[in-house]
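Below is one structure, written out as structure tokens; comments come after it.
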Amino acid sequence: MKQTLQSALLGVVKRKVNSSGRVCNGSFAFSTTRNFTRSKSSQLPFSTVIKPQARHSSLLAIFVAASAFIGLGLTTSFIYGPTLHAEAPPKEKESGTRKIRLADVQKHGRDAEEKWVTKGTRVYDITDWIPGHPGGDVILRAVGGAIDQYWNIFSIHKKQEVYDILESYYIGDVDPQDLVDGEVPMDHVEDPFSGDPVRDERLIVLSARPCNAESPGEALSTWCTPNETFYVRNHMWVPEVDSKIHKLVIELPDGEEKEYTLKDLKKKFQEVKITATLQCSGNRRKHMTEEARSANGLQWNVGAISNAEWKGVRLRDVLADAGFDINDPPEDAKHAHFVGAEAYGASIPIDKAVEKHGDVLIVYEMNGETLPPDHGYPMRVLVPGTVAARSVKWVNKIVISEEESPSQWQRRDYKCFGPNVGPNQANWDEAPAIQEMPVQSAITSLRDISSSSPTDRKLLQVYGLEEDSVAVEGYAWSGGGRRIIRVDISADDGRNWHQAELLPDKSLGSKAWAWRRWRWVVPRGQVGRCFVVKAVDETYNGQPAEYEPHWNFRGNLTNSWHRVGYRHMGT
């Protein structure tokens, strides 16, 4: 793979030698699909100069490999610059003749002509690397300081060829006068997550940096999940965005662009409200790991899902205003790419983007409040009925393209394979990216109801019961706007079934984008050791009983019957 990519790149990357005699990257001229980006557009995860007349799948593969730099745990790599044979990680080398003060490194930050970084105690001038950096502008966060923290966030960097790339830009060592115990002091090392918001302590945190946290049980028991306990799925840090200057750029297939501020969106287009559920593709991955085999990724329980009322404007209206024919899209317009301010990228088919009843929105309010920072402030895309990975937060660019997004998160992370396929056998190019989600349900609450309690007796009377009972609650949802028509519940591990009550809702939108809350109250004498739930949607899609036949190494789309053991609190 390494040799193939390197050979391919040598044919398309023009290199030059600068005045110091160091080899560096020159201009790029990739012959690939014209719609990824133009030379003036650097907001996609990988900046290139595109020749519109050629569409070569081999170079597209290189482009995809390049975007993988900003993914986590990827096994492929992208080769830039000369191959120097540095250790990985590099060991202490013989000190160079040039000693550089940290104050001088700081002068070579984002606004300087030459941009420097440190890694360890070594200094690099990465000015010529920035235009071709697969992570796009993300690298500018580190210039003028240490790159170590970012190197650690993106584990793909920790490969021999990537160390070789960095070493080709070496210019000297940090002056020993600035070192503390032989290292750069921590006050010179930026924390990428220092600007992240303070989160509600009720969230169930799976990873703190980046933040990934489940909604707690009480939040899952409400129709709309409160903003502060809405589940958080971040791939990186939360970008600090100023809503007054933030712009959304729409790029059409012919390369024409139009910009919109938040104020423009609110002033020019009709506001729309919908209620929609967002669910991570890894929701309930923990159950697949426990009931079948270990699956890679965060071990989400039932809380990587939440529901909210969203307000914004229709994407189709904005595209039409930008000059795109939403009623008869051109042949080379097949996908809508979304790019976030922190470099995350994803795409959806153009049919979904412009569908009149698809309710794809650019939203700026959530449950009647301004979007919280963790959920996309000042604006995000909302693609209801679709895996939440496509509802890109902090969106600043939308590109209409013939190809789907080249990002790591479109081409690799969010896909499924058969139970016989391991990570080394997966054919990522053949597997389609996850879009609409399958039917899902889960138990979120089990509560004993006592006939001796005045409050509980009122609930028992509603169901015509007098004896001690158990109240079971949960959610059910299906992708594509398919309505939940039935929730089957068992109190004895699936031997006998009953139908749960579907609770009233206040759903807004063209289709059933929001979950259904359900409840079942059963006499305690009929309860066995395990409750089981499964849901059915309007197309009669149901949930599989077991996990193993649907196991995949990424643990995506886990939706087998949810089982919860029961033990009376008095026993």
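- The pair E403-K334 does not meet the salt-bridge criterion, since no charged nitrogen lies less than 4.0 angstrom from a carboxylate oxygen.
- Among all heavy-atom pairs drawn from I126 and V117, the shortest one is CD1-CG1, 3.8 Å.
- Under the side chain to side chain contact (heavy atoms under 4.5 Å, CB included) criterion, R199 pairs with D196, P197, L203, C211, N234, V238, D374, not counting sequence neighbours.
- Annotation for K286: atom NZ does not count as buried by contact number, only 12 or fewer foreign heavy atoms lying within 6.0 Å.
- Of the possible polar contacts, none joining the D321 side chain to the V318 backbone as a donor-acceptor pair under 3.5 Å is found.
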Stepwise side chain to side chain contact (heavy atoms under 4.5 Å, CB included) check, I305 with T225: CA-CA 9 Å; I305 183 173; T225 314; over 6 Å; no

side-chain hydrogen bond (donor to acceptor under 3.5 Å, both in side chains) assessment of S441 paired with Q543: CA-CA 8 Å; S441 68; Q543 298 175 240; 2.6 Å; yes

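- Counting only distance, with no hydrogens or angles, the side chain of E538 and the backbone of R483 share a donor-acceptor pair below 3.5 Å.
- Residues L248 and N396 form no side-chain contact, since every pair of their non-hydrogen atoms from C-beta on lies 4.5 Å or further apart.
- In terms of the side chain to side chain contact (heavy atoms under 4.5 Å, CB included) criterion, residue partners of E271 (sequence neighbours excluded) are, by chain and number, K266, K311, Y364.
- The shortest side-chain heavy-atom distance between I400 and L319 falls under the 4.5 Å cut-off.
- Residue E290 places its CD atom among more than 12 non-hydrogen atoms of other residues, nucleotides or ligands, all under 6.0 Å distant.
- Partners of W520 by ring pair (Phe, Tyr, Trp, His ring centres under 6.0 Å), not counting sequence neighbours, listed by chain and number: H498.
- Legend: residues meeting side chain to side chain contact (heavy atoms under 4.5 Å, CB included) with S490, ordered by chain and number and at least two apart, are D492, W497, V532.
- Looking only at distances, a side-chain donor or acceptor of Q410 sits under 3.5 Å from a matching main-chain atom of S347.
- Counting only heavy atoms from C-beta outward, the side chains of P544 and N559 approach each other to under 4.5 Å.
- The side-chain heavy atoms of H287 and N301, taken from C-beta on, include a pair separated by under 4.5 Å.
- Here F230 pairs with W310, H375 under the ring pair (Phe, Tyr, Trp, His ring centres under 6.0 Å) rule; sequence neighbours left out.
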Steps toward side chain to side chain contact (heavy atoms under 4.5 Å, CB included) verdict (W477, M437): CA-CA 9 Å; W477 181 73; M437 300 285 278; 3.6 Å; yes

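- Side chain of R482 to backbone of A512: no donor-acceptor contact under 3.5 angstrom is found.
- The side chain to side chain donor-acceptor pair (under 3.5 Å) search around Q299 returns T289, not counting sequence neighbours.
- Taking 4.5 Å as the limit, every side-chain heavy atom of V421 sits out of range of all side-chain heavy atoms of N427.
- Going from atom OG1 of T277 over to atom CG of N307 covers 3.5 Å, rounded to the nearest 0.5 Å.
- Between E291 and R563, no side-chain nitrogen of the basic residue sits less than 4.0 Å from a carboxylate oxygen of the acidic one, so the salt-bridge criterion is not met.
- Counting heavy atoms from C-beta on, the side chains of E309 and W223 never come closer than 4.5 Å.
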Verdict with supporting geometry, D317 and Q270, side-chain hydrogen bond (donor to acceptor under 3.5 Å, both in side chains): CA-CA 9 Å; D317 292 345; Q270 178 185 358; over 6 Å; no

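- Looking at H246, its side chain does come within 3.5 Å of a backbone N or O of V395 through a donor-acceptor pair.
- Checked against a 6.0 Å centroid threshold, the rings of W409 and Y344 count as neighbours.
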Side chain to side chain contact (heavy atoms under 4.5 Å, CB included) evaluation trace for L315 with V381: CA-CA 8 Å; L315 175 59; V381 178; 5.5 Å; no

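- Applying the ring pair (Phe, Tyr, Trp, His ring centres under 6.0 Å) test to W551 and every residue at least two apart in sequence or in another chain returns nothing.
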Steps toward side chain to side chain contact (heavy atoms under 4.5 Å, CB included) verdict (Y260, V249): CA-CA 6 Å; Y260 298 90; V249 178; over 6 Å; no

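- Around CD of Q425, the count of heavy atoms belonging to other residues, nucleotides or ligands within 6.0 Å exceeds 12.
- With respect to R202 and D200, a salt bridge is recorded, a charged nitrogen being found less than 4.0 Å from a carboxylate O.
- Annotation: W394 is not in aromatic contact with F338 [ring centroid separation under 6.0 Å not met].
- Judged by distance alone, with hydrogens and angles left aside, the side-chain atoms of Q440 form no donor-acceptor pair with the main-chain N or O of Y475 at under 3.5 Å.
- By the side chain to side chain contact (heavy atoms under 4.5 Å, CB included) test, R233 pairs with N212, Y231, H235, C280, L298, W300, Y414, sequence neighbours left out.
- At least one donor-acceptor pair closer than 3.5 Å links the side chain of S391 to the backbone N or O of V383.
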Stepwise side-chain hydrogen bond (donor to acceptor under 3.5 Å, both in side chains) check, R285 with N556: CA-CA 7 Å; R285 179 182 286 129; N556 287 327; 3.3 Å; yes

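- Looking at I434 and C416, their side chains come closer than 4.5 Å, going by heavy atoms from C-beta outward.
- With values rounded to the nearest 0.5 angstrom, E355 atom CD is found 10.0 Å from I348 atom CD1.
- Residue D359 forms a salt bridge (Lys or Arg N to Asp or Glu O under 4.0 Å) with just one option from R314, K511, R316, and that option is R314.
- Listed by chain and residue number, Y566 satisfy the ring pair (Phe, Tyr, Trp, His ring centres under 6.0 Å) test with F531 (two or more places apart in sequence, or in another chain).
- With sequence neighbours left out, the side chain to side chain donor-acceptor pair (under 3.5 Å) criterion links E228 to no other residue.
- Not counting sequence neighbours, S221 has no partner by the side chain to side chain donor-acceptor pair (under 3.5 Å) test.
- In this structure, R516 pairs ionically with D505, as a charged nitrogen and a carboxylate oxygen lie closer than 4.0 Å.
- Judged by distance alone, the side chains of Y377 and S243 do bring a donor and an acceptor atom under 3.5 Å apart.
- A salt bridge between D429 and R411 is absent, with no side-chain N of the basic residue lying under 4.0 Å from a carboxylate O of the acidic one.
- Considering CG of N367 and CG of N227, their distance stands at 4.5 Å, rounded to 0.5 Å.
- Using modelled atom types and a 3.5 Å distance limit, the side chains of Q149 and D191 yield no donor-acceptor pair.
- The side chain to side chain donor-acceptor pair (under 3.5 Å) search around E214 returns none, not counting sequence neighbours.
- Inter-residue side-chain proximity for H335 and I350 is flagged as unmet; no heavy-atom pair is nearer than 4.5 Å.
- In this pair, F553 and F417 present their aromatic rings parallel. The plane angle is below 30°, not in the 30 to 60° band.
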